[in-house]
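Structure first, commentary second.
In what follows, every chain begins at residue 1, and chains take the letters A, B, ... in the order their sequences are listed.
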There are 2 protein chains.
Amino acid sequence: MTSEQPDPAATTDEIRLLWSGHEPGPARRGPRPKLTRSEVVAAAVRLADAEGIEAVSMQRVAAALGYTTMSLYRYVDSKDDLLLLMSDAAMDTTPPGPREDGDWRAGLEEWCMGGVALYRAHPWMVRLSVTGPPSGPNGIRWMEAGLREICAPGLRPSEAVQMLLILTTVLRETLRMESDMQQAAHRHGQQISDNESDWVQGLLGVLDPGAFPTVTRVLGQLGTDEDEFGGLDLDSERVSGPAEGLGFGIDRILDGIEAYVGRRAAD
Amino acid sequence: MTSEQPDPAATTDEIRLLWSGHEPGPARRGPRPKLTRSEVVAAAVRLADAEGIEAVSMQRVAAALGYTTMSLYRYVDSKDDLLLLMSDAAMDTTPPGPREDGDWRAGLEEWCMGGVALYRAHPWMVRLSVTGPPSGPNGIRWMEAGLREICAPGLRPSEAVQMLLILTTVLRETLRMESDMQQAAHRHGQQISDNESDWVQGLLGVLDPGAFPTVTRVLGQLGTDEDEFGGLDLDSERVSGPAEGLGFGIDRILDGIEAYVGRRAAD
DNA sequence: ACTTAATTGTGTAAGTAATACACAGAACTA
DNA sequence: TAGTTCTGTGTATTACTTACACAATTAAGT
């Protein structure tokens with residue numbers, strides 16, 4: 001566990017940064033830059049994909065490009081800016097949809113699966129602290145796709161934004177736990193599947209059933225016959241771990257939206 | 001935005017750490033320790049409460065206690081361990097409940113409000129990366145209280161754990177965004193309420209309505225007559241910002257649980 | 001009482017990382 | 001050609017965590 005000290009640029013600055021062109025202007029005075037901001041960001045993304053976000057230091061990124069550390073600061077104001085640009089750059093894929101048949105629920109499920117794929121492709125993304133809703137071009141593209149589906153059943157604007165934010169949050173955080181556990185397991189040479197039950201077994205060995213009756217009962221029943229997940233299988237690869245239940249959770253959130261719009265339509 | 005490199009102890013070690021007594025054993029050989037682990041953790045928590053998590057360095061904590069930096073390592077193996085202990089220590093309050101009337105939904109709402117209060121009291125908590133489900137004594141106490149309510153409608157164990165995790169995740173992340181925005185606003189001397197609309201206004205100024213029709217429409221309608229939040233008002237202080245919609249989101253998740261158990265009961 | 005062993009708080013220093021600053025050279029402008 | 005501006009580099013500063021050795025301190029063993 002490590003802390004972070006987010007120094008979030010004001011939203012306005014953030015937007016300016018993310019939407020400013022990455023390519024060099026036409027003809028400026030000094031020596032022409034040998035790199036572009038996009039190249040720097042791309043190198044950082046490659047590094048993060050390959051070795052994880054903790055490998056992304058200004059030194060490493062510069063070395064990967066064959067330049068000195070300080071040269072990067074000609075393209076990026078700070079490391080925080082670089083990370084911000086990275087997280088938008090990594091979303092440079094086409095989100096699912098649009099769904100033609102108007103089945104908003106299926107559309108949102110597809111959108112979520114797309115998100116899972118995205119986070120699996122760039123596991124480091126879930127480790128960056130998000131300052132707020134998406135602000136970059138690619139993030140907005142994903143938001144557009146998601147909003148298109150979630151607005152279909154007739155949510156009000158604030159409601160749609162809020163629920164979409166919740167969906168991405170749940171996705172993100174669930175996958176972050178999965179990735180944390182994988183890292184921990186890897187570091188200790190264990191299997192991943194062992195790790196979740198490690199938590200359960202470790203707790204059961206420590207907890208006093210008298211003091212925590214519900215927790216001990218519930219943990220004790222996990223994975224027994226009393227227990228079986230219903231719901232959508234978002235995690236097609238069937239990796240065990242927290243993401244196992246992600247589909248169920250998403251399903252319940254969609255249930256909630258459905259119930260709400262149904263109730264409202266009844267009035 | 002800043003990265004973090006979580007070095008999560010294996011779950012087992014984490015549990016051992018969190019459940020190991022904080023007080024000194026009876027009589028050991030050398031000079032008797034002048035501090036206790038609890039005191040160190042408490043000092044760190046006080047510091048984080050007062051100045052934010054970024055103020056918590058081994059130096060600062062030691063100075064607050066009147067000792068040298070290195071002395072802390074007699075009580076704590078690493079800073080990561082300290083942060084882990086802090087996050088459990090901060091949950092040292094009694095969670096709401098138990099609800100006697102069996103109204104699980106009201107019970108969960110209360111539980112969530114308790115969580116909001118907790119995170120508001122220790123805003124730095126939302127900035128620590130959580131490696132997984134709660135593992136410490138206090139975290140488990142909160143989990144016990146939450147599970148008690150969420151199991152009432154008859155969810156299966158995995159389902160209950162998953163949904164409770166989702167509730168806390170949504171709580172946490174929503175409040176983290178709120179806190180990020182407050183920090184950003186504070187740093188720039190703006191009002192908080194300006195800040196969310198900063199995001200909206202900033203985006204609207206940049207987005208091409210042709211390319212992002214849904215986003216521009218939805219953002220444009222935010223806060224107009226078309227738009228009005230229904231649902232639970234979790235945020236009694238009515239601070240504007242992301243937490244404004246938190247109650248609505250929680251409500252929908254509870255709707256989802258209700259719909260699910262209702263459907264299952266029908267079989 | 002006296003030796004031995006363990007343990008505390010401290011000082012020093014190593015290692016990593018972000019980034020401020022100045023400078024030499026490059027390339028455009030006038 | 002002179003002047004100006006921008007690039008990449010080298011150096012240095014700052015802030016951190018934490019390894020390690022040491023002297024002082026206390027209990028255990030005799």
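- With the nearest nucleotide of DNA chain C identified for both Met58(A) and Arg74(A), Met58(A) has the one nearer the 5' end.
- A salt bridge is defined here as a Lys NZ or Arg NE, NH1 or NH2 lying under 4.0 Å from an Asp or Glu carboxylate O, and Arg172(B) with Glu173(A) fails to meet this definition.
- Taking a cutoff of 4.0 Å between a charged side-chain nitrogen and a carboxylate oxygen, Asp49(B) and Arg46(B) do not qualify as a salt bridge.
- Here the closest non-hydrogen pair linking Leu175(A) and Tyr119(A) is CD1-CB, 3.4 Å.
- Picking from dG9(C), dT7(D), dT25(D) the nucleotide with the shortest atom distance to the side chain of Pro31(A) gives dT7(D).
- Put simply, CE on Met70(A) is 15 Å from P on dC23(C), counting in whole angstrom units.
- Contact between the side-chain N/O atoms of Thr68(A) and the OP1/OP2 oxygens of dT9(D) is found at a separation under 4.0 Å.
- Regarding Lys79(B), its NZ atom lies at a distance of 14 Å from the P atom of dA15(D), rounded to whole Å.
- Contact record, Phe212(B) with Trp19(A): CE1-CH2, 4.0 Å, taken as the closest heavy-atom pair.
- The pair Arg141(B)-Glu144(B) does not count as a salt bridge, with every side-chain nitrogen at least 4.0 angstrom from each carboxylate oxygen.
- OP1 or OP2 of dA18(C) has not a single side-chain nitrogen or oxygen of Gln59(A) nearer than 4.0 Å.
- At whole-Å resolution of the value, CZ in Arg29(A) and P in dA2(D) are 16 Å apart.
- Here dA18(C) presents its P atom at 10 Å from CG of Asp80(A), a figure rounded to the nearest Å.
- As rounded to whole Å, 15 Å separates atom C1' of dT7(D) from atom CG of Leu65(A).
- Nucleic acid contact class of Tyr73(A) (heavy atoms, under 4.0 Å, all strands): base.
- Straight-line distance from the CG atom of Leu72(A) to the C1' atom of dA17(C): 13 Å, rounded to whole Å.
- The interatomic distance linking Lys34(A) (NZ) with dC6(D) (P) rounds to 17 Å, in whole Å.
- Both Gly66(A) and Ser78(B) sit near DNA chain D, but only Gly66(A) has its closest nucleotide nearer the 5' end.
- Counting only heavy atoms from C-beta on, Arg32(B) has its side chain closest to dA27(D) among dC6(D), dA27(D), dC16(D).
- For the OP1/OP2 pair of dA28(D) and a distance below 4.0 Å, the side-chain nitrogens and oxygens of Arg28(B) include no atom meeting the criterion.
- One interatomic measurement links the two molecules: CG of Leu35(A) to P of dC6(D), which rounds to 18 Å at whole-angstrom precision.
- Residue contacts for Thr69(A): at a heavy-atom cut-off of 4.0 Å it reaches a base atom on one of the strands shown.
- The residue Ser57(B) sits close only to the backbone: its heavy atoms come under 4.0 Å of sugar-phosphate atoms, none of a base.
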